[in-house]
Amino acid sequence: MWGNKTVTIFFPCKNEAENIQHVVEEAKNLCSNGTPVFDEIIVVDNNCTDDTAKIARRCGAIVVEESIQGYGAAMRKGLLTSNSDIIISCEPDGTFIISDAIKLLSYSEDFSIVCGTRTTQHMIWTNANMKLLNRNANTILAKFIELLYGTNSMSDCGCTFRLIHKDSLSKIRDLFSTYKSNFLPDMIISSVIAKISFVEIPVNYRERVGDSKITGTFKGQIKTGLSMLFLALRRWPSFLKSKLLS
């Protein structure tokens, strides 16, 4: 609970058996004023071939399956399955500190969506996958989206650690346009079109456990960055149309 609102955290997973127990237990143990923060912990099984689902169930998480392969598909499943007033998404690979969810929740009274940003240099841990080139490319792309869509300040277009109110989700869910790795900026662009408020706040970013399925290689980083760029350009006409109709 956060105040009088229920809170869900969910983890989109593709073969995360190595660390899923740790993050689920970390989420279960997070408390505020002696009360557990999360009323619901969900693990989205996106066609895992290891023991991710088995371990998650054993730890007390709710496991839901998503057969459509893709990061965006897993994110959408987690968002739409959650039953709480506030929904938080997080990577299951140990890159984020679960207690940083308190930061997101602290801003939830003022904003409908609260996004973490991994580009604050002093909060990037040693060996985290956010070196100079990756960090600058992320910021440049985020600033391009900010300029194109006239958003609040953006510095990170690909941070999974974010919060949304369920009533705001109901206003943008039908605007989502992708099931792939470019879902995160798609979510922000949808919120801008629907006039849903959002803000970014710095969060800790650590070395991940295991290998990234999306940006673990330079080729993967380039591919993901380009897909986000093309999505921003593709959705811009619909944004302009919404501005004209408003």
Side-chain angles (χ1 to χ4, degrees), residues 2-10 12 40 42 44 64 66 68 70-90 101 103-118 138-139 141-201 203 224-225 227-246:
W2 184 258
N4 63 347
K5 295 184 182 297
T6 54
V7 185
T8 289
I9 188 169
F10 76 88
E40 186 178 54
I42 294 175
V44 181
V64 296
E66 176 51 71
I68 300 173
Y71 176 78
M75 283 290 294
R76 289 167 75 151
K77 186 72 170 186
L79 288 167
L80 300 179
T81 301
S82 302
N83 295 305
S84 298
D85 302 313
I86 297 174
I87 306 163
I88 294 176
S89 58
C90 186
K103 299 178 186 178
L104 305 182
L105 288 161
S106 296
Y107 280 82
S108 67
E109 297 173 13
D110 299 312
F111 295 90
S112 299
I113 298 174
V114 185
C115 299
T117 174
R118 306 160 296 167
N138 219 310
T139 300
L141 181 54
K143 289 300 179 185
F144 176 75
I145 294 173
E146 177 186 331
L147 178 64
L148 203 62
Y149 289 89
T151 71
N152 286 348
S153 178
M154 290 182 62
S155 62
D156 188 352
C157 56
C159 185
T160 304
F161 207 6
R162 56 181 55 187
L163 170 157
I164 185 169
H165 289 261
K166 193 172 184 66
D167 58 353
S168 296
L169 175 63
S170 68
K171 298 175 183 177
I172 66 173
R173 56 183 292 177
D174 293 334
L175 298 176
F176 295 156
S177 68
T178 182
Y179 289 90
K180 299 181 180 179
S181 59
N182 51 4
F183 175 79
L184 294 173
D186 188 56
M187 182 178 173
I188 291 301
I189 291 168
S190 297
S191 71
V192 173
I193 292 173
K195 297 180 173 60
I196 302 297
S197 63
F198 81 92
V199 69
E200 276 190 347
I201 61 169
V203 293
T224 301
S227 71
M228 290 180 176
L229 173 62
F230 293 149
L231 179 136
L233 292 170
R234 173 173 60 80
R235 297 208 62 187
W236 195 54
S238 62
F239 165 71
L240 290 179
K241 182 178 179 180
S242 71
K243 293 282 284 185
L244 291 173
L245 293 176
S246 63

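Fair warning: this is a prediction, and the values are worked out from it, not measured in the lab.
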Which pair of heavy atoms, one from S89 and one from F10, lies closest together, and at what distance?
CB-CZ, 3.4 Å

When rounded to the nearest 0.5 angstrom, what distance separates CD1 in I86 from CD1 in I9?
12.5 Å

Which residues share a ring-ring contact (aromatic ring centres under 6.0 Å, His included) with F183, sequence neighbours left out
F176

All N/O donor-acceptor pairs, side-chain side in residues 103-111, below 3.5 Å, sequence neighbours left out:
{"residue": "K103", "atom": "NZ", "partner": "D100", "partner atom": "OD1", "Å": "3.2"}
{"residue": "S106", "atom": "OG", "partner": "I102", "partner atom": "O", "Å": "2.8"}
{"residue": "S108", "atom": "OG", "partner": "L105", "partner atom": "O", "Å": "2.6"}

Counting N and O atoms only, with roles assigned by atom type, does the side chain of S82 sit under 3.5 Å from a partner on the main chain of S84, one being a donor and the other an acceptor?
no

For the atom pair OG1 (T6) and CD1 (I87), what is the distance rounded to the nearest 0.5 Å?
9.0 Å

Which residues satisfy the ring-ring contact (aromatic ring centres under 6.0 Å, His included) test with Y179, sequence neighbours excluded?
none

For residues L233 and F144, report the shortest heavy-atom separation together with the two atoms involved.
CD2-CZ, 3.7 Å

Return all side-chain donor-acceptor pairs below 3.5 angstrom for residues 167-174, not counting sequence neighbours, or 'none' if the list is empty.
{"residue": "S168", "atom": "OG", "partner": "S112", "partner atom": "OG", "Å": "3.3"}
{"residue": "S170", "atom": "OG", "partner": "D167", "partner atom": "O", "Å": "2.5"}

Could you walk me through whether S177 and R234 pass the side chain to side chain contact (heavy atoms under 4.5 Å, CB included) check?
CA-CA 10 Å; S177 68; R234 173 173 60 80; 3.4 Å; yes

If you look at every heavy atom in K5 and D85, which pair is closest and at what distance?
CA-OD2, 3.4 Å

Sub-4.5 Å side-chain heavy-atom contact between I188 and R162
yes

Strictly by salt bridge (charged side-chain N to carboxylate O under 4.0 Å, His left out), give each pair with a member in residues 236-246 just once, sequence neighbours left out.
none

Under 6.0 Å from the NZ atom of K166, do we count more than 12 heavy atoms belonging to anything else shown?
yes

Test I42 against V44 for side chain to side chain contact (heavy atoms under 4.5 Å, CB included), laying out the working first.
CA-CA 6 Å; I42 294 175; V44 181; 4.3 Å; yes

Measuring from atom OG1 of T160 to atom CG of L184, what distance do you get when rounded to the nearest 0.5 angstrom?
5.0 Å

Name all pairs fulfilling the salt bridge (charged side-chain N to carboxylate O under 4.0 Å, His left out) condition that reach into residues 183-198, sequence neighbours left out, sorted by first residue then second.
D186-R235

Give the intermediate values and the outcome of side chain to side chain contact (heavy atoms under 4.5 Å, CB included) for residues I189 and L231.
CA-CA 10 Å; I189 291 168; L231 179 136; 3.7 Å; yes

Can you give me every donor-acceptor pair (side chain of residues 146-157, partner residue at least two apart or in another chain, under 3.5 Å) with its distance?
{"residue": "E146", "atom": "OE1", "partner": "K143", "partner atom": "NZ", "Å": "3.1"}
{"residue": "E146", "atom": "OE1", "partner": "M154", "partner atom": "N", "Å": "2.9"}
{"residue": "Y149", "atom": "OH", "partner": "A232", "partner atom": "O", "Å": "2.6"}
{"residue": "Y149", "atom": "OH", "partner": "W236", "partner atom": "N", "Å": "2.9"}
{"residue": "N152", "atom": "ND2", "partner": "F198", "partner atom": "O", "Å": "2.6"}
{"residue": "S153", "atom": "OG", "partner": "K143", "partner atom": "NZ", "Å": "3.3"}
{"residue": "S155", "atom": "OG", "partner": "T117", "partner atom": "OG1", "Å": "2.8"}
{"residue": "S155", "atom": "OG", "partner": "T119", "partner atom": "OG1", "Å": "3.1"}
{"residue": "S155", "atom": "OG", "partner": "E200", "partner atom": "OE1", "Å": "2.9"}
{"residue": "D156", "atom": "OD1", "partner": "R118", "partner atom": "NH2", "Å": "2.8"}
{"residue": "D156", "atom": "OD1", "partner": "G158", "partner atom": "N", "Å": "3.0"}
{"residue": "D156", "atom": "OD2", "partner": "R118", "partner atom": "N", "Å": "2.8"}
{"residue": "D156", "atom": "OD2", "partner": "R118", "partner atom": "NE", "Å": "2.7"}

Can you tell me how far apart CD1 (I164) and OG (S191) are? Round to the nearest 0.5 Å.
7.5 Å

Reported NZ-to-CD1 distance for the pair K77 and I68, which is rounded to 0.5 angstrom
8.5 Å

Minimum heavy-atom separation for Y71 to S181, with atom names?
CB-CA, 4.1 Å

In Å, rounded to the nearest 0.5 Å, how long is the span from CG of L141 to CG of N182?
10.5 Å

